[in-house]
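What follows is a set of notes on a single structure, which appears directly below.
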Amino acid sequence: MPQSRDPKYSDQTVLMLAVRDRRDRAAFGKLFDYFAPRLKGVAMRSGLGSGAAEDVAQEVMLTVWRKADKFDPHRAQVSAWIFQIARNRRIDLVRKENRPVPEEIKIADDVEDDAGQILAMEQEAGQLKTALDQLTPDQRNMIEKAYLGELSHKEISDQTGLALGTVKSRIRLGLERLRHELKGMR
Amino acid sequence: MSQIKHHITDPMLVAYAAGSLEHPFALVVAAHVSLCEECRVQLGAHEAVGGALLDGQAVHAVSVSMKDALLAQLDVVPAAEPDQTCERSGAYPGPVMKALKGKPPRWKSVGGGVRQTLLHVDDDGSVRLLYIPAGKAVPDHGHNGIELTLVLQGAFSDEAGRYGVGDLEVADDTLEHTPIAEQGAPCICLAATDAPLRFNRLIPRLLQPLLRI
């Protein structure tokens, strides 16, 4: 079988790359249709009303459009990248001062996409989703609260022990890959 | 190569990934991640978990008018945002330089040759740089809450172990410790607490409100 020149990325990655590289509005519209209702759902979990939660979803998606050039599929899934944008927005809203961010790793601009790396990241993300689906409803609820910003670090420490261990054990492989990737950038 | 042996705890890294970590601790985590490849990778993994959870969230339909309003904004060029990043300078990682507003620290003596630069105080706690001359000790203290200490230069030892550049000590209210800087270079640390420190000797305790530690 001849290898296809076109790697079989997930729909989300294909759409996001179209937004990043071609400023494709139709692709952005599709990402919006998928993520905006979920972002709204997360905002409503935190107690916002429907209107305010829509404003959050709108702001986050506008940032997705404006900062699309920062999307790097070798290092983060589309969903993980949008998760970070939503998180940053939430912090910036509460704090007037600068949000502490780690130094960025310098990456050469002209590096071509490494399809193998991107596909591997996607595969890991798929496995991670499966692992999350296997948590008990209680564990899943706790993990969601922890990662969606609804628990303090002390509460995470006191309440999520077992569930966090389960999740951690599933992201180990992905960690190896990302570690390798980061080494290559130094 | 990295010699870092003491890392951020998982709950703290999850809280940072989730955006719920108090500002003083978040600064220490950002500084540690700047120095520690291992924790940078871990943070990326936790953000991947966050993404997977976002992906699996229940949907709440958004209005068509909101989508139209958003699409109409795509051509608007936004005002430039303030830069969130800052370059590393000497022993100080980027996020610390950002907290210093790009300037060298202005040290104030706290006694015993130890100096500090307060970076931030709020209701969630405080974060400061500590300068401990070689061989000197930070006054014996315990904590009402949690104290994070990240070594930026030199090394210190206390009852819990030895900490070199990039190492992070997490001390809670069960630890009474006296960090002592190693011989050689002065030790510079980034230290954050979510409650005032308790000093065990009378004089530092009286000075505490003045020093804001």
Side-chain angles (χ1 to χ4, degrees), chain A residues 25 28-29 32 36-42 44 50 53-54 57-58 61-62 65-66 75-77 79-84 86-88 90-91 95 97-104 124-125 128-129 132 143-144 146-149 151-153 156-157 160 164 167-168 171 174-175 178-179 182, chain B residues 9-12 14-23 25-34 37-38 40-63 66-67 69-71 73-74 78 82 84-85 87-88 93-95 98-99 120 146:
Chain A
R25 284 163 193 256
F28 178 73
F32 176 94
R38 287 169 171 78
L39 290 164
K40 182 179 174 182
V42 172
M44 287 180 74
S50 177
E54 279 205 3
Q58 187 182 38
M61 290 310 296
L62 188 58
W65 172 261
R66 288 179 172 170
R75 292 170 62 195
Q77 283 282 295
S79 60
W81 187 64
I82 295 180
F83 168 81
Q84 292 173 53
R87 178 230 19 225
N88 292 348
R90 203 171 61 237
I91 301 173
R95 300 193 50 78
E97 280 162 85
N98 291 313
R99 161 170 46 80
V101 291
E103 287 168 17
E104 284 180 28
E124 292 294 341
L128 183 57
K129 270 189 100 164
L132 290 170
I143 286 294
E144 289 196 352
Y147 281 89
L148 297 178
L151 299 180
S152 70
H153 79 261
I156 295 172
S157 184
T160 63
L164 191 55
V167 172
K168 279 275 293 182
I171 57 184
L175 289 179
L178 202 57
R179 188 174 289 129
L182 285 174
Chain B
T9 62
D10 269 322
M12 210 164 269
V14 172
Y16 180 81
S20 58
L21 194 60
E22 296 89 341
H23 179 77
F25 292 160
L27 178 56
V28 178
V29 170
H32 178 82
V33 168
S34 299
E37 198 170 276
E38 180 72 22
R40 186 186 290 273
V41 168
Q42 297 272 354
L43 177 61
H46 287 302
E47 286 164 345
V49 177
L53 290 167
L54 171 62
D55 219 57
Q57 278 306 293
V59 298
H60 285 260
V62 296
S63 61
M66 189 275 261
K67 184 177 178 182
L70 174 58
L71 293 177
Q73 285 185 67
L74 297 189
Q84 291 280 5
T85 59
E87 292 283 316
R88 183 185 303 214
K98 187 76 189 170
H120 180 84
I146 290 175

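To find a chain, count down the sequence lines: A is the first, B the second, and so on, and within it residues start at 1.
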Please test B/Val49 against A/Phe83 for side-chain contact (heavy atoms from CB on, under 4.5 Å), starting from the C-alpha separation and ending with a verdict. CA-CA 9 Å; B/Val49 177; A/Phe83 168 81; over 6 Å; no
Nearest 0.5 Å, please: how far is CD in B/Glu47 from OG in A/Ser79? 11.5 Å
Distance col, row A/Ser157:OG vs B/Met12:CE, nearest 0.5 angstrom, shows 8.0 Å
Is there a donor-acceptor contact under 3.5 Å from the side chain of B/Lys98 to the main chain of A/Pro100? no
Contact origin within B/Ala99 toward chain A - heavy atom pairs under 4.5 Å: neither
Contact class of A/Ile82 relative to chain B, heavy atoms under 4.5 angstrom: both
For the residue pair A/Gly29 and B/Lys67, what are the closest heavy atoms and their distance? O-NZ, 3.7 Å
Any chance CD of A/Glu104 has more than 12 other-residue heavy atoms, nucleotides or ligands included, within less than 6.0 Å? no
Rounded to the nearest 0.5 Å, what's the gap from CZ on A/Phe32 to CG on B/Leu71? Could you check? 7.0 Å
Counting only non-hydrogen atoms closer than 4.5 Å, does B/Phe25 touch chain A with its backbone (N, CA, C, O), its side chain (CB onward), both, or neither? side chain
If one checks every heavy atom of B/Ala58 against chain A at 4.5 Å, the contacting part turns out to be backbone
Would you name the heavy atoms of A/Ala146 and B/Ala18 that are closest together and state the gap between them? O-CB, 3.2 Å
Is A/Leu164 close to chain B through its backbone or its side chain, or both, or neither, when contacts mean heavy atoms under 4.5 Å? side chain
Donor-acceptor pair, side chain of B/Gln57 and main chain of A/Arg38, under 3.5 angstrom: no
Closest-packed option against chain B by number of heavy-atom pairs under 4.5 Å, given A/Gln77, A/Gln58, A/Met61, A/Lys40: A/Gln58
Inter-residue atom distance A/Lys129.NZ - B/Leu53.CG, 0.5 Å rounding: 9.5 Å
Looking at A/Glu54 and B/Ser63, would you say the former's side chain and the latter's main chain have a donor-acceptor pair under 3.5 Å? yes
Which one, B/Ala61, B/Ala15, B/Ser20, B/Ala17, leads in non-hydrogen pairs under 4.5 Å with chain A? B/Ala17
Out of B/Pro95, B/Gly50, B/Ala69, return the one with the most heavy atom pairs under 4.5 angstrom to chain A. B/Gly50
By a 4.5 Å heavy-atom criterion (distance strictly below it), what part of A/Ile143 contacts chain B: side chain, backbone, both, or neither? both
In short, A/Tyr147 meets B/Val14 closest at the heavy-atom pair OH-CG2, 3.6 Å
Report yes or no: does B/Ser34 contribute a side-chain atom to a donor-acceptor pair with the main-chain N or O of A/Glu103 at less than 3.5 Å? yes
What part of B/Leu27 is in contact with chain A, defined as an atom under 4.5 angstrom from a non-hydrogen atom: side chain, backbone, both or neither? both
With respect to chain A, which residue among B/Val62, B/Asp55, B/Val59, B/Leu70 yields the maximal number of heavy-atom pairs within a distance under 4.5 Å? B/Asp55
Measure the spacing between NE2 of A/His153 and CG of B/Asp10 and express it to the nearest 0.5 Å. 13.0 Å
For B/His60 and A/Gly41, which heavy atoms make the closest approach, and how far apart are they? CD2-CA, 3.3 Å
